[in-house]
Amino acid sequence: MARGREGGKQKQEAQTLLQAIRSKRVGIIGAGVSGLAAIRCCLEEGLEPTCFERSNDVGGLWKFSDPKEGRASIYQSVFTNSSKEMMCSPDFPYPDDYPNYMHHSKLQEYIKTFAQKKDLLRYIQFETLVSSIKKCTSFLVTGQWVVATEKDGKQESTIFDAVMICSGHHVYPNLPTDSFPGLDRFRGNYLHSRDYKNPEAFKGKRVLVIGLGNSGSDIAVELSRLATQVVIGTRSGSWVMSRVWDDGYPWDTVYVTRFASFLQNVLPSFVSDWLYVQKMNTWFKHENYGLMPLNGSLRKEPVFNDELPSRILCGIVSIKPSVKEFTETSAGFEDGTVFEAVDSVIFATGYDYSYPFLDETIIKSRNNEVTLFKGIFPPLMEKPTLAVIGLVQSRGAAIPTADLQARWAAKVFASSMFSSFFRFGQSQTLQTDYITYMDKLGSFIGAKPNIPWLFLTDPRLALEVYFGPCSPYQFRLMGPGKWDGARNAILTQYNRTVKPTRTRVVSEAQRPHPFYNLLKMLSFPLLLLAATLTLMRKSLRSQSSE
Ligand code: FAD
């Protein structure tokens with residue numbers, strides 16, 4: 001009898017031990033770039049990922065398809081506006097000959113290769129919809145979730161120790177039809193940019209595009225080749241930038257640098273705002289094109305479009321303020337002007353965040369805004385076992401951001417050591433400064449580059465890290481998940497940048513000169529300082545002579 005009791009106890013102990021050593025299971029929703037980063041980082045932390053993807057392929061929005069319920073959908077002509085050296089997975093550079101800005105099909109090719117080479121496909125259950133995610137009844141103790149899925153009409157429930165939501169945020173169109181009086185009377189057709197695929201249907205038409213984001217301006221420019229007239233209605237305007245920046249380098253390799261971020265943080269705001277506006281106006285004066293943002297110094301994400309100013313100069317696209325009212329055939333704007341005989345209206349008015357499979361009070365505040373600690377963890381959860389990956393927006397690219405977010409989240413799941421930290425942590429706005437944000441996440445897991453140490457031990461690399469592009473490799477230079485190829489990838493990033501454009505070799509490749517750029521950047525504040533001092537001296541002199 002005693003031996004029987006002893007045996008039962010041993011069995012129980014063995015089960016507890018097994019439970020403890022069993023790697024934690026993580027459910028991942030979506031196999032876009034965020035979901036792939038999530039699988040990969042779970043594996044690095046010894047977790048056991050299972051990813052559910054409702055479509056039949058990886059890539060999420062980069063897999064071109066017609067709009068389907070619950071899935072992102074892009075137009076045929078989409079090119080990236082982040083350049084290849086700034087938007088790769090941090091240990092998986094693009095092939096040298098890839099163009100700097102990629103057509104969606106090229107990026108999809110990269111994403112598929114990444115998934116294959118990193119052996120991620122076997123963790124994905126395709127054509128499987130996640131219909132609900134609920135806390136387990138034992139959630140307060142275990143932090144576990146019940147994930148319900150549907151495949152071929154069959155429903156299943158699985159318990160996971162943690163969940164990563166990677167379902168994207170370009171899925172549910174924001175179609176603000178109620179905000180436009182008279183739209184119900186309008187006899188032309190209207191659609192959301194999500195349903196726009198190509199310009200053929202608009203040949204010879206007069207089209208109004210509402211919204212001046214990247215999609216709105218891309219669509220307006222594309223339409224302008226076939227349509228008779230295109231008007232963009234914008235509430236607040238936008239800075240419009242070229243993808244091609246100083247000395248012809250891709251904009252983000254010049255602009256997204258640690259040094260630029262340092263200057264922005266240390267300069268008095270009136271100087272840095274002034275510099276920002278000067279820089280944004282170097283290509284053309286936004287006032288003259290009707291594009292000037294209402295709050296010019298606000299670091300709202302600029303629009304990247306190389307053709308919009310020239311289409312405006314050619315008179316085929318024009319910019320108007322918000323639409324005040326529609327009639328049966330026309331649109332009247334807030335400045336009193338009217339666009340007559342409108343055939344079609346395209347609402348490029350963005351997307352709403354929605355998580356139909358989750359009790360949204362978990363991640364949304366009372367004002368229906370998403371509130372997440374560092375843009376990832378619901379701040380008031382009893383256990384930090386739910387993470388949202390890929391939601392934060394910054395001037396940096398999605399792929400490296402998702403990688404670092406998923407690395408941190410996986411580490412938290414593996415250790416659960418920061419639980420009290422979350423309960424009291426401040427939630428983060430979803431718009432954020434890229435480098436500051438990445439460094440913060442990096443510092444949580446020891447992956448933030450230690451710049452002073454690099455200057456002491458590897459000055460050549462340090463110069464490139466500090467003055468050169470803040471490329472994704474920087475976040476796998478040190479700490480857990482360190483990639484041995486990161487140093488070389490950083491030192492050769494410019495070679496890969498110029499490789500696809502130097503198709504006719506005429507001389508040595510020209511590399512950027514960080515010190516020259518430094519002087520160029522400093523010349524603005526120095527000039528400003530000199531002008532201020534001169535003015536002060538003049539006013540002092542005139543006071544003393546009075
Ligand atoms: P998605 O790509 O949307 O993937 C989400 C996946 O989740 C999908 O495959 C979907 O099928 C799946 N899913 C959703 N719900 C469920 C469910 N209930 N069950 C199962 N599966 C589900 N970013 C950049 O960095 N650079 C750029 O140049 C750039 N250009 C862009 C251009 C356009 C036109 C748009 C719209 C976005 C652009 N972005 C760009 C931002 C883009 O959001 C990111 O690049 C990135 O693709 C987001 O990936 P994701 O995995 O988070 O989401």
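First listed ligand is number 1; within each ligand, the first listed atom is number 1.
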Check: Just distances here: any N/O of Val33 and N/O of ligand 1 closer than 3.5 Å?
Finding: yes

Next item on the list: Output the list of atoms in ligand 1 that are nearer than 4.0 Å to some heavy atom of Ser82, sorted by atom number.
Entry: 24 (C), 25 (O), 26 (N), 27 (C), 28 (O)

Notebook entry, point to check: Which protein non-hydrogen atom lies closest to atom 50 (P) of ligand 1, naming both residue and atom, and how far is it?
Noted result: Ser34 OG, 3.4 Å

Margin query: Nearest non-hydrogen contact with atom 3 (O) of ligand 1 belongs to which option: Ser73, Pro400, Gly168, Ala31?
Written below: Gly168

Notebook entry, point to check: Are the aromatic rings of Trp483 and Phe475 close, with centres under 6.0 Å apart?
Noted result: no

Next item on the list: Would you check whether Met87 has a nitrogen or oxygen atom less than 3.5 angstrom from a nitrogen or oxygen atom of ligand 1?
Entry: no

Check: Is the shortest N/O to N/O distance between Thr80 and ligand 1 below 3.5 Å?
Finding: no

Check: Hey, looking at atom 40 (C) of ligand 1, which of Trp62, Phe79, Phe52, Tyr101 has the closest heavy atom?
Finding: Trp62

Check: Taking the non-hydrogen atoms of Thr128, is any one of them nearer than 4.0 angstrom to ligand 1?
Finding: yes

Margin query: I need the nearest protein heavy-atom contact for atom 8 (C) of ligand 1: residue, atom name and distance, please.
Written below: Glu53 OE1, 3.5 Å

Note to self: Quick check: Phe64 with His103 (ring centres under 6.0 Å apart)?
What the structure shows: no

Margin query: If you apply the rule side chain to side chain donor-acceptor pair (under 3.5 Å), what do you find for Ser242 with Asp306, and how did you get there?
Written below: CA-CA 5 Å; Ser242 168; Asp306 294 272; 2.5 Å; yes

Margin query: Evaluate Val78 for polar contact with ligand 1, using N/O atom pairs at a separation under 3.5 Å.
Written below: no

Margin query: Tell me whether Tyr75 has any N or O atom under 3.5 angstrom from an N or O of ligand 1.
Written below: no

